[in-house]
Engineer: 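Before I ask anything, let me first share the structure, which is written out below as structure tokens.
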Amino acid sequence: MTSFLRNTWYVAMWADDLELGRVESRTICDEPIAIFRRHDGSVAAITDQCSHRFAPLSAGKVCGDQIECPYHGLQFDADGRCVVNPHGSGRITPALHLRAYPIVERHTLLWVWLGDAERANADLIPDFSYLDEGAPGTFSHRDWMVLDVDYRLMADNLLDLSHANFLHEGLLGHADMNDADVEIRDVTEPSGATTLYVTRTVDAVEPPHLFDLMYKNDRQPIDTWAEMRWNAPGYLRNHAGVTDPGRPRDEGLIVIGSHLLTPINERQMMYHICAVQLGAAPPVDDDEVAETLSRLRKFAFEEQDRPMVEAQQRAYDRAGGPDALKPVMLTIDQGPLRARRILADLIAAEAEPAPVTVAGH
Ligand code: FES
Ligand SMILES: [Fe+2]
């Protein structure tokens, strides 16, 4: 069975990364998509494969509000219509037109709808308004990268943060944090969508090194929490932080992490990330500490999470694909399992034939 949901919004890129006059190419769920801006600032997304001989349009150039194919010069507008044929009589037939995808700019990201265009409702995009222009907090760089991993394995990683006590031992967790209270909660949104929360809370423990550096740098005990919010197909927000034992969270340090997972294909994904610091604790203003923090964060991801999930992916590849291995479940897997179940049900529902309505009965 496919691991992709069609009728949903996928993050294609950070809005600021799309410059006027440039075409960007992104592959989402195996579909190549060319994304560009019109002069009025609006964004457009069309199939990144010319209807003539299938050249990538993203290698072409923007002419006004159109893209010119780099191979033989057909031009396409934001609706995917072929509008210029420089050859022969210049005749344009409907077979030359390409598919246009609904695309919206929201929460400083560009979201593309892959399914039926008439069902594309921007209100279905999960709330990432804390990323909006002018929202409070101290922002990290809005970054993105490609990982050689099934996006669902990355969601498993984020929905089970017990791994911080082992994989990131000392840095983001330690053995005393194993005994966390874990709460798993589903919320049904007015749209009918399910939001899943997986929250880990530990009281009065020594702060993991990274939080200690950001908070008071005194190794005194803290209360700590990480509330991971998940929405299908792969949108996660981690509301995490530390505070003095027994004190309200907003008196301490709050870091909201954004983890936006977009499948490129069955075994590759785009990962868009950005963190926002909130709460009463002042942002780090010492250059040396800030430099250490950024080095340690990079280390945790590049040297610990990334090699781990990519090694898992290779295990699936060796076995023959995403369904070829059956993991043995532990108690820590409840959050990841719940998310996988919700996603699988949504994908299965899309595969069902539409109900037949009989006129006049
Ligand atoms: S492949 Fe695009 S015009 Fe020929
Ligand atoms: Fe991790």
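All of these numbers come straight from a predicted model, not from anything done at the bench.
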Engineer: Under a 4.5 Å cut-off applied to non-hydrogen side-chain atoms, are His141 and Cys274 in contact?
Structural biologist: no
Engineer: Looking at Glu310, I'd like to know if its CD atom is crowded, meaning that more than 12 non-hydrogen atoms belonging to other residues, nucleotides or ligands lie closer than 6.0 Å.
Structural biologist: yes
Engineer: Under 4.0 Å between a Lys/Arg side-chain N and an Asp/Glu carboxylate O for Arg99 and Glu31?
Structural biologist: yes
Engineer: Evaluate side-chain hydrogen bond (donor to acceptor under 3.5 Å, both in side chains) for Asp244 paired with Tyr215, printing each intermediate quantity in order.
Structural biologist: CA-CA 10 Å; Asp244 287 357; Tyr215 191 44; 3.0 Å; yes
Engineer: Return yes if some donor-acceptor pair links the side-chain N/O of Asn265 with the main-chain N/O of Arg267 below 3.5 Å, else return no.
Structural biologist: yes
Engineer: Other residues, nucleotides and ligands only: do more than 12 of their heavy atoms fall within 6.0 Å of OH on Tyr197?
Structural biologist: yes
Engineer: Distance from His163 atom NE2 to Asp305 atom CG, nearest 0.5 Å?
Structural biologist: 4.0 Å
Engineer: Mark yes when over 12 heavy atoms from residues, nucleotides or ligands other than Glu118 sit less than 6.0 Å from its CD; otherwise mark no.
Structural biologist: yes
Engineer: Tell me whether Trp14 shares a hydrophobic cluster with Leu261, the cluster being built from Ile, Leu, Val, Met, Phe, Trp, Tyr side chains joined at under 4.5 Å.
Structural biologist: yes
Engineer: Is it true that a side-chain atom of Asp345 and a backbone atom of Ile342 form a donor plus acceptor pair closer than 3.5 Å?
Structural biologist: no
Engineer: I want to check something: taking the side chain as every heavy atom from C-beta on, are Glu68 and Leu74 in contact at a cut-off of under 4.5 Å?
Structural biologist: no
Engineer: Asp132 and His107: side-chain donor and acceptor closer than 3.5 Å?
Structural biologist: yes
Engineer: What I want to find out is whether Arg340 reaches Asp156 closely enough, with some N-O distance under 4.0 Å, to be called a salt bridge.
Structural biologist: yes
Engineer: Do Phe211 and His209 have side chains that approach each other closer than 4.5 Å (heavy atoms only, starting at C-beta)?
Structural biologist: no
Engineer: Between Asp150 and Arg152, does at least one N-O distance fall below 4.0 Å, as a salt bridge requires?
Structural biologist: yes
Engineer: Listed by chain and number, what are the side-chain hydrogen bond (donor to acceptor under 3.5 Å, both in side chains) partners of Asn85, not counting sequence neighbours?
Structural biologist: none
Engineer: So that I know where these two stand, are Tyr271 and Phe301 an aromatic pair - ring centroids less than 6.0 Å apart?
Structural biologist: yes
Engineer: Same cluster for Val11 and Leu343 if Ile/Leu/Val/Met/Phe/Trp/Tyr side chains link at under 4.5 Å?
Structural biologist: yes
Engineer: Are the side chain of Tyr101 and the backbone N or O of Ile35 linked by a donor-acceptor pair below 3.5 Å?
Structural biologist: no
Engineer: Check step by step if side-chain hydrogen bond (donor to acceptor under 3.5 Å, both in side chains) holds for Asn178 and Asn165.
Structural biologist: CA-CA 7 Å; Asn178 264 340; Asn165 305 335; 3.0 Å; yes
Engineer: Using the benzene-type ring in the case of Trp, are the ring centres of Trp111 and Tyr235 under 6.0 Å apart?
Structural biologist: yes
Engineer: Can we say Arg247 and Asp223 salt-bridge, meaning some charged N sits less than 4.0 Å from an Asp/Glu carboxylate O?
Structural biologist: no
Engineer: Would you say the side chains of Gln66 and Asp77 form a donor-acceptor pair under 3.5 Å?
Structural biologist: no
Engineer: Would you check if there is a donor-acceptor pair between the side chains of Thr201 and Asp181 at a distance under 3.5 Å?
Structural biologist: no
Engineer: Would you indicate whether the side-chain heavy atoms of Ile222 and Val205 approach each other to under 4.5 Å?
Structural biologist: yes
